[in-house]
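Below is one structure, written out as structure tokens; the observations come after it.
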Number of protein chains: 2
Amino acid sequence: MQLHIETSNGIPIYEQICRQVKFAVANKALQVGDHVPSVREMAGRLAVNPNTVSRAYRDLQADGVLIPIRGTGLAVTPEAPGKCQSERLDMIRERLRLVLAEARHNQITPDEIRQLVESELQRLDALEDENASQLVTAEETA
Amino acid sequence: MQLHIETSNGIPIYEQICRQVKFAVANKALQVGDHVPSVREMAGRLAVNPNTVSRAYRDLQADGVLIPIRGTGLAVTPEAPGKCQSERLDMIRERLRLVLAEARHNQITPDEIRQLVESELQRLDALEDENASQLVTAEETA
DNA sequence: CCTAGTGTTCTACCGCGATAGTACAGTAGT
DNA sequence: ACTACTGTACTATCGCGGTAGAACACTAGG
């Protein structure tokens with residue numbers, strides 16, 4: 001599993017970690033019984049304070065996604081996949097709703113919104129292709 | 001001009017005020033030379049601290065949207081409409097981009113995104129209709 | 001047994017958004 | 001001149017997200 005933290009897009013770091021773990025479970029990148037990276041390792045990987053990771057894991061336990069195995073680590077619970085898959089789209093919907101509400105409140109037309117969405121989707125695909133070709137290049141030169 | 005503040009959708013209040021004034025100028029709800037509501041009145045109207053409004057107006061001056069008229073108030077500058085109209089879609093695009101980036105990073109397909117957008121647009125229209133009929137009802141019973 | 005690795009908890013500190021209250025300089029209208 | 005409004009500036013305080021560092025209880029493995 002591989003996460004990326006965006007510093008200050010408004011969303012707290014601990015919440016970003018929380019969301020991405022849930023997405024990983026929903027996408028089966030994390031399976032039932034799998035151990036999540038340790039607090040200290042994750043903190044090092046993300047260049048973030050261990051307490052912040054700990055906070056995220058605590059929230060994930062409260063949500064029933066992770067269960068602690070004393071002295072060993074945190075494992076994905078059997079109920080997690082179900083919960084995470086049903087939450088999957090809701091997590092995005094919630095954020096999307098705030099943006100669209102602001103747009104509509106301020107006289108942006110539905111067509112303008114659709115146009116923005118399409119252009120941004122296209123832009124994201126272009127970025128991914130770029131990264132993909134960079135990976136290939138890196139592999140070739142290796 | 002009428003603004004609505006969403007407490008804790010992540011965006012600071014002073015920034016929400018700032019954005020909505022810009023939208024109001026772009027939509028010609030505020031015209032060149034118009035006075036923006038006074039710091040204290042706006043603060044009372046939004047149930048918010050005067051300092052917070054003052055901060056927003058200070059930023060709007062820095063952006064060249066408002067100009068102070070000593071002892072009288074803050075007026076919309078002649079350059080404001082041009083600036084605000086060109087910023088109009090960009091302000092939404094910026095927020096939309098963050099949401100779509102998270103979605104794509106976590107294996108949400110473009111079609112799922114389009115579907116979310118449509119269902120949320122529909123939901124917003126439904127809410128507006130509801131409010132409109134409430135207004136009519138209020139007028140009838142008055 | 002001992003070491004190294006788990007998660008957990010606690011205190012201290014910082015920056016930022018926001019509130020609260022006060023004070024000051026300038027203008028409009030009477 | 002006086003009053004009532006403008007905007008501006010300042011200090012103090014609060015909550016929250018985040019960092020920093022230490023301490024604790026537990027377990028797996030040599």
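Being a predicted model, the structure only gives us computed values, none of them experimental. What you see below is based on every heavy atom in this structure, not just the backbone, and it leaves out hydrogens, waters and symmetry mates. Proteins come first, then strands; the chains are lettered A, B, ... in the order of their sequence lines, and each starts at number 1.
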query: Would B:Arg88 and A:Glu112 pass as an ion pair if we require N to O under 4.0 Å?
result: yes
message: Taking B:Arg45 first and then B:Glu41, would you say they form a salt bridge - that is, a charged N and a carboxylate O separated by under 4.0 Å?
response: yes
message: If you assign A:Ile69 and A:Ser54 each to the DNA chain C nucleotide with the nearest heavy atom, which residue ends up on the more 5' nucleotide?
response: A:Ile69
Would you mind telling me which of [options] lies closest to the side-chain atoms of [X]?
{"X": "A:Pro12", "options": "D:dT27, D:dG17, C:dG17", "answer": "D:dG17"}
{"X": "B:Arg55", "options": "C:dT6, C:dA28, C:dG17", "answer": "C:dG17"}
{"X": "A:Val48", "options": "C:dT27, C:dT19, D:dT19", "answer": "D:dT19"}
{"X": "A:Arg40", "options": "D:dA20, C:dT6, D:dG7", "answer": "C:dT6"}

In this structure, how many angstroms lie between the [atom2] atom of [N] and the [atom1] atom of [X], rounded?
{"X": "B:Leu66", "N": "D:dT8", "atom1": "CG", "atom2": "C1'", "result": "15 Å"}
{"X": "A:Asn49", "N": "D:dG21", "atom1": "CG", "atom2": "P", "result": "9 Å"}
{"X": "B:Ile13", "N": "C:dC16", "atom1": "CD1", "atom2": "C1'", "result": "13 Å"}
{"X": "A:Glu6", "N": "D:dG18", "atom1": "CD", "atom2": "C1'", "result": "17 Å"}
{"X": "B:Leu46", "N": "C:dG17", "atom1": "CG", "atom2": "P", "result": "18 Å"}
{"X": "B:Asp59", "N": "D:dT8", "atom1": "CG", "atom2": "P", "result": "11 Å"}
{"X": "B:Tyr57", "N": "D:dT8", "atom1": "OH", "atom2": "P", "result": "11 Å"}
{"X": "B:Glu41", "N": "D:dA4", "atom1": "CD", "atom2": "C1'", "result": "15 Å"}

OP1 or OP2 of [N] sitting under 4.0 Å from any side-chain N/O of [X]?
{"X": "B:Ser38", "N": "D:dT6", "answer": "yes"}
{"X": "A:Thr72", "N": "D:dC26", "answer": "no"}
{"X": "A:Tyr14", "N": "D:dG18", "answer": "no"}
{"X": "A:Gln61", "N": "C:dT8", "answer": "yes"}

- request: Would you classify B:Arg58 as touching base, sugar-phosphate or nothing, given that sugar-phosphate means primed atoms plus P, OP1 and OP2, and contacts are heavy atoms under 4.0 Å?
  value: nothing
query: If two hydrophobic side chains count as joined below 4.5 Å and joins carry through other members, does A:Leu60 share a cluster with A:Tyr14?
result: no
field: Separation between NZ of B:Lys28 and CD of A:Gln107, rounded to the nearest 0.5 Å
entry: 13.5 Å
field: Interatomic spacing from CG in B:Asp125 to CZ in A:Arg104 - rounded to 0.5 Å
entry: 5.0 Å
- prompt: Where each residue is assigned the nucleotide of DNA chain D containing its nearest heavy atom, which of A:Asn51 and A:Glu15 is assigned the position nearer the 5′ end?
  reply: A:Glu15
